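All of these numbers come straight from a predicted model, not from anything done at the bench. Chain letters run A, B, ... following the sequence lines, proteins first and then strands; every chain starts at 1. Scope of the values below: all heavy atoms of this structure, side chains included, with no hydrogens, waters or symmetry mates.
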Protein chains: 2
Amino acid sequence: MESQDLRRAGLKVTTPRLKILEILAGSGIEVLRHLSAEDTYKRLLESNEDIGLATVYRVLTQFEAAGLVSRHHFEGGTAVFELNRGEHHDHVVCLDCGRVEEFADADIEALQGKAAERLGFSIADHSLIVYGHCQRTGCAYRKA
Amino acid sequence: MESQDLRRAGLKVTTPRLKILEILAGSGIEVLRHLSAEDTYKRLLESNEDIGLATVYRVLTQFEAAGLVSRHHFEGGTAVFELNRGEHHDHVVCLDCGRVEEFADADIEALQGKAAERLGFSIADHSLIVYGHCQRTGCAYRKA
DNA sequence: TTTGCTGCAAATGCTTTGCATGTAG
DNA sequence: CTACATGCAAAGCATTTGCAGCAAA
């Protein structure tokens, strides 16, 4: 039950929070994993939920603070959110169709860490995004 | 002469463009290498230049299109610009003082490339930003 | 009941644009 | 002279916030 996650995060269990968590968790489909606030809002409307956009932003921000979701800034001024599933990973974004794929590479992580240490930094976080073009059928239809 | 760079980029040589290029190039000091539009604008005012903020944005955007500068989105909603000096590099940003350091790592580049290819992407670009805390004297005074 | 949540509308911060004027080539 | 640049003010977007009403515990 998702209510547990909310309680554990010290948040009251409310409809908006449950529904948003559901939407983030429900779309197991990888292409739909990364949602903007607006995307999430639209999904809520489609589900006939009467939840304001401001609440969506508030809830997503709280989820982020609670460690339930991650916020990413892919290019285009709009932030996207994704449910945390434990393991860290980086992203590849298709410039044509917006498709987002994930990958994890321990070697890259290690090298990053070394580079930052060499400069006298203790690492708190990092963001690695590769932009490219995917060679998939159906590509380019989402951006249009 | 910097006018050459402008002409080569197909841009008319005007005072705003020259001054902005100067500011970006002039501050060889590494800490001052990454400037927001607002930062740049303030420098212009300090130099008694009567140039509007809108022009700063326009010029920086043109410079980016011409390949003269790169735009980065470090966390915080504000874009920063940096003069291109040929070699690609990544960034480490101090969360306390905002200091930005650069590093280049061919191994990371190669691994990124492989990861993206494995997913069926041809790479166009990428952004790697490490956030951390620098252990420097004077740290934490810039953010305040 | 009490504390914390929500919706709405207004405010914010960064960036872009329309338009009349100015200027490089 | 002509095309492109600039300045200013207004518009645009994504996101945040103030506040009165609501709801979870």
Here the distance between atom C1' of C:dG4 and atom CG of A:L6, to the nearest Å, is 14 Å
Can you find a heavy atom in the side chain of A:Y131 that is under 4.5 Å from one in the side chain of A:L95?
yes
Residues passing the side-chain contact (heavy atoms from CB on, under 4.5 Å) test with B:S47, sequence neighbours excluded, are B:E49
Computed from five pairs at either end and rounded to 10 degrees, the angle between the axes of the helix from C:dT1-D:dA25 to C:dG25-D:dC1 is 40°
Separation between CD1 (B:I129) and OG (A:S127), nearest 0.5 Å, reads 5.0 Å
Residue pairs passing the salt bridge (Lys or Arg N to Asp or Glu O under 4.0 Å) test with at least one member in residues 66-92 of chain B, sequence neighbours excluded, are B:E64-B:R71, B:E82-B:R85, B:R85-B:E102
Interatomic distance, OG@A:S3 vs CG@A:L11, rounded to 0.5 Å, equals 12.0 Å
Mind checking whether B:Q112 and A:I108 have side chains closer than 4.5 Å, heavy atoms only? yes
**OP:** Evaluate the side-chain proximity of A:R58 to A:T61: yes if any heavy-atom separation is below 4.5 Å, no if none is.
**Re:** no
Q.
Determine whether a donor-acceptor pair (N or O, by modelled atom type, separation under 3.5 Å) exists between the side chain of B:T78 and the backbone of B:G76.
A. yes
Per the under-4.0 Å heavy-atom filter, residues of residues 61-82 of chain B near DNA chain C come out as B:T61, B:G77, B:T78, B:A79
Original post:
So do A:V92 and A:V100 actually touch side chain to side chain, heavy atoms under 4.5 Å?
Top reply: no
In this structure, OG1 of A:T14 is separated from CD1 of A:I20 (nearest 0.5 Å) by 8.0 Å
To the nearest angstrom, the CG-P distance between B:L53 and C:dC14 comes to 10 Å
Residue set satisfying salt bridge (Lys or Arg N to Asp or Glu O under 4.0 Å) with A:D105, at least two apart, ordered chain then number -> none
Rounded to the nearest 0.5 angstrom, the OG1-NZ distance for B:T55 and B:K19 is 15.0 Å
Item to complete: Kindly say if B:Y57 contacts the phosphate of C:dT16, meaning a side-chain N or O under 4.0 Å from OP1 or OP2.
Response: no
For residues 94-127 of chain A, the ring pair (Phe, Tyr, Trp, His ring centres under 6.0 Å) pairs (sequence neighbours left out) are A:H88-A:H126
Under a 4.0 Å heavy-atom criterion, DNA chain D is touched by chain A from D:dA14 to D:dA25
Residues 49-78 of chain A vs ring pair (Phe, Tyr, Trp, His ring centres under 6.0 Å), sequence neighbours excluded, gives A:H72-A:F74, A:H72-A:H91, A:F74-A:H91
Measure from the side-chain N and O atoms of B:R17 to the backbone N and O of B:K12, and report whether any donor-acceptor pair falls under 3.5 Å. yes
Heavy-atom side-chain contact between A:V130 and A:V93 under 4.5 Å:
no
Within residues 44-51 of chain B, those residues having any heavy atom closer than 4.0 Å to DNA chain C are none
Close N/O contacts between protein and nucleotides 18-23 of chain C (under 3.5 Å):
from: C:dG18; atom 1: O6; to: B:R58; atom 2: NH1; distance (Å): 3.2

Here the distance between atom P of C:dT16 and atom CD of B:E38, to the nearest Å, is 13 Å
Taken to the nearest whole Å, CZ/B:R7 to P/C:dG25 is 6 Å
Note: contacts of residues 13-21 of chain B with DNA chain D (heavy atom, under 4.0 Å) are B:T14, B:P16, B:R17
Residue pairs passing the salt bridge (Lys or Arg N to Asp or Glu O under 4.0 Å) test with at least one member in residues 125-138 of chain A, sequence neighbours excluded, are A:E101-A:R136
Can any side-chain N or O of B:T40 pair as donor or acceptor with the backbone N or O of B:E38 at less than 3.5 Å? no
